[in-house]
2 protein chains.
Amino acid sequence: MAVMDSAAAREQALDAAEELFYGRGIQSVGMDDIRGASGVSLKRLYQLFPAKEQLVEAYLERRDVRWRGRLAEFVARREDPGERILAVFEWLEGWFGEDGFRGCAWINSYGELGATSARVAAQVRAHKQALRDYLAGLVADAGLPGTVAGQLFLLAEGAMVTAGITGSTEPARVAREAARTLMTR
Amino acid sequence: MAVMDSAAAREQALDAAEELFYGRGIQSVGMDDIRGASGVSLKRLYQLFPAKEQLVEAYLERRDVRWRGRLAEFVARREDPGERILAVFEWLEGWFGEDGFRGCAWINSYGELGATSARVAAQVRAHKQALRDYLAGLVADAGLPGTVAGQLFLLAEGAMVTAGITGSTEPARVAREAARTLMTR
DNA sequence: AGCAGCGGAGAACGTACGTTCTCCACTTGA
DNA sequence: TCAAGTGGAGAACGTACGTTCTCCGCTGCT
């Protein structure tokens, strides 16, 4: 392994953590697995993240920024405010179809650790709140009643959960059609 | 502990498993916790369930029968087919408000074990498929187009997940209003 | 060249837990 | 009363894993 500064080692560690935690769940991945996949030694891993839980938090935090960034970037390409809302579900469909898609990382983490780790639970709530606020902004921009935002949020959550369990992209299209109906009355 | 036949011991074990697995997650509950909470000795636990995974499967199976039974019983009290569909969301609201509610047991289990236990993953899919089929029956009875069933299913899933994460009963009411809109056009 | 320190490999340590085993009290049938 | 078996309490065993420690080579400075 070539020399690597702390920032690069941190990225390598988080890359490996994201791939393994998301793909196999958090509890079934050991720190030694992270070391093997990242090439970052245990000693350095523990310098960067004093305990596994902090690595988990950093993983969720970085993924939150990236995930919402990707969504917002996709949506922002549309001009029409109504189209932007529908674009959310189109982006979900593309995500569901990606290799290795295994549902929503936060919903999965909550099922695994929500009852035992208050910090993870708080991060999940923050992420979902941010998504809800984002949708509320789109709904307001489209001049739709505020109650629609909560409804669209539930459709998106249901689609993520169902796509994760069934492995199909169809929930995104179903949710999109429901969203269209809810928007037009 | 008084004498107890196998059937009673099995029920005691499953009662404890359900309370602990649902409340704290599966991986964080040890077989010794089950023994302590149920009063069934380890030896007998292993006679009844040769491995922890089989206890987990029995827990999910028994809960599936009971959960869907409770829902169907509540819904069946309504006469009008359209009212029956809305009653699903009313039942969800009552469930969300129960003490110790912590989201959908199957969604949580899927987050925890979906990637590592094929049998648990299959049980989750079966449970969700059964719920979807049940909703499809209600939708057909109400003379609504079949596409509505999938939309209502996503709303229910989104409500369960969101209520679990936020601890609020509100998602049930939001989903109910969305359902009403989707049904009336 | 010599040395101080960083970093890697991997052993070691402690704990948790799934599973099995030992020992013993008690019941039951003759 | 005695023998055989059932079942409970809890010790024991093996493994996995989070975390720390040891040893050693390499690098960079003087």
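Keep in mind that this is a model prediction, so the values were computed, not measured. In what follows, chains carry the letters A, B, and so on, assigned in the order in which the sequence lines appear, proteins first and then strands, with residues in each chain numbered from 1.
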Distance-only check: which donor-acceptor pairs under 3.5 Å involve side-chain atoms of residues 107-115 of chain A, not counting sequence neighbours?
{"residue": "Asn108(A)", "atom": "ND2", "partner": "Arg102(A)", "partner atom": "O", "Å": "2.9"}
{"residue": "Asn108(A)", "atom": "ND2", "partner": "Cys104(A)", "partner atom": "O", "Å": "3.4"}
{"residue": "Ser109(A)", "atom": "OG", "partner": "Ala105(A)", "partner atom": "O", "Å": "2.7"}
{"residue": "Tyr110(A)", "atom": "OH", "partner": "Gly164(B)", "partner atom": "O", "Å": "3.2"}
{"residue": "Glu112(A)", "atom": "OE1", "partner": "Ile26(A)", "partner atom": "N", "Å": "3.0"}
{"residue": "Glu112(A)", "atom": "OE2", "partner": "Ile26(A)", "partner atom": "N", "Å": "3.0"}
{"residue": "Glu112(A)", "atom": "OE2", "partner": "Gln27(A)", "partner atom": "N", "Å": "2.6"}

Open item on the list: Working note: Arg180(A) + Glu177(A), criterion side-chain contact (heavy atoms from CB on, under 4.5 Å); need CA distance, chi angles, decisive distance, verdict.
Closed with: CA-CA 5 Å; Arg180(A) 188 198 295 283; Glu177(A) 284 319 297; 3.5 Å; yes
May I have the list of side-chain donor-acceptor pairs in residues 130-148 of chain A shorter than 3.5 Å, sequence neighbours left out?
{"residue": "Asp133(A)", "atom": "OD1", "partner": "Gln129(A)", "partner atom": "NE2", "Å": "2.9"}

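- Near DNA chain D, meaning a heavy atom under 4.0 Å away, the residues from residues 51-60 of chain A are Ala51(A), Lys52(A).
- In this structure, Arg125(B) has no side chain to side chain donor-acceptor pair (under 3.5 Å) partners at least two apart in sequence or on a different chain.
- Nearest-nucleotide positions on DNA chain D for Ser41(B) and Asp33(A) put Ser41(B) closer to the 5' end.
- Applying the side chain to side chain donor-acceptor pair (under 3.5 Å) rule to Arg84(A) yields no partners; only residues at least two apart in sequence or on another chain are considered.
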Might you list the N or O atoms of the protein lying below 3.5 Å from N or O atoms in nucleotides 10-15 of chain D, with each pair's distance?
none

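- Glu98(A) pairs by the salt bridge (charged side-chain N to carboxylate O under 4.0 Å, His left out) definition with Arg70(A), not counting sequence neighbours.
- One can place CD of Gln12(B) at 11 Å from P of dG8(D), the figure rounded to the nearest angstrom.
- Contacts between residues 19-32 of chain B and DNA chain C, defined by a heavy-atom separation under 4.0 Å, are made by Val29(B), Gly30(B), Met31(B).
- When rounded to the nearest whole Å, the span between CZ of Phe49(B) and P of dT19(C) equals 13 Å.
- Legend: ring pair (Phe, Tyr, Trp, His ring centres under 6.0 Å) pairs involving residues 23-64 of chain B, not counting sequence neighbours, sorted by first then second residue: Phe21(B)-Tyr59(B).
- Scanning for side chain to side chain donor-acceptor pair (under 3.5 Å) contacts around Glu93(B) gives Arg173(B), with sequence neighbours left out.
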Using residues 153-161 of chain B as the side-chain source, report each donor-acceptor pair under 3.5 Å to any protein atom, sequence neighbours left out, with the distance given to one decimal.
{"residue": "Glu157(B)", "atom": "OE1", "partner": "Lys128(B)", "partner atom": "NZ", "Å": "3.2"}
{"residue": "Glu157(B)", "atom": "OE2", "partner": "Lys128(B)", "partner atom": "NZ", "Å": "3.0"}

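- When the P atom of dC17(C) is taken as reference, atom CG of Leu45(B) falls 16 Å away, rounded to whole Å.
- Distance check, rounded to the nearest 0.5 Å: CD1 of Ile34(B) to CD of Glu18(B) gives 11.0 Å.
- Take Ser117(A) and apply the side chain to side chain donor-acceptor pair (under 3.5 Å) test, not counting sequence neighbours, and it matches Glu53(A).
- Which of dT20(C), dG7(C), dG18(D) sits closest to the side chain of Gln47(A) comes down to dG7(C).
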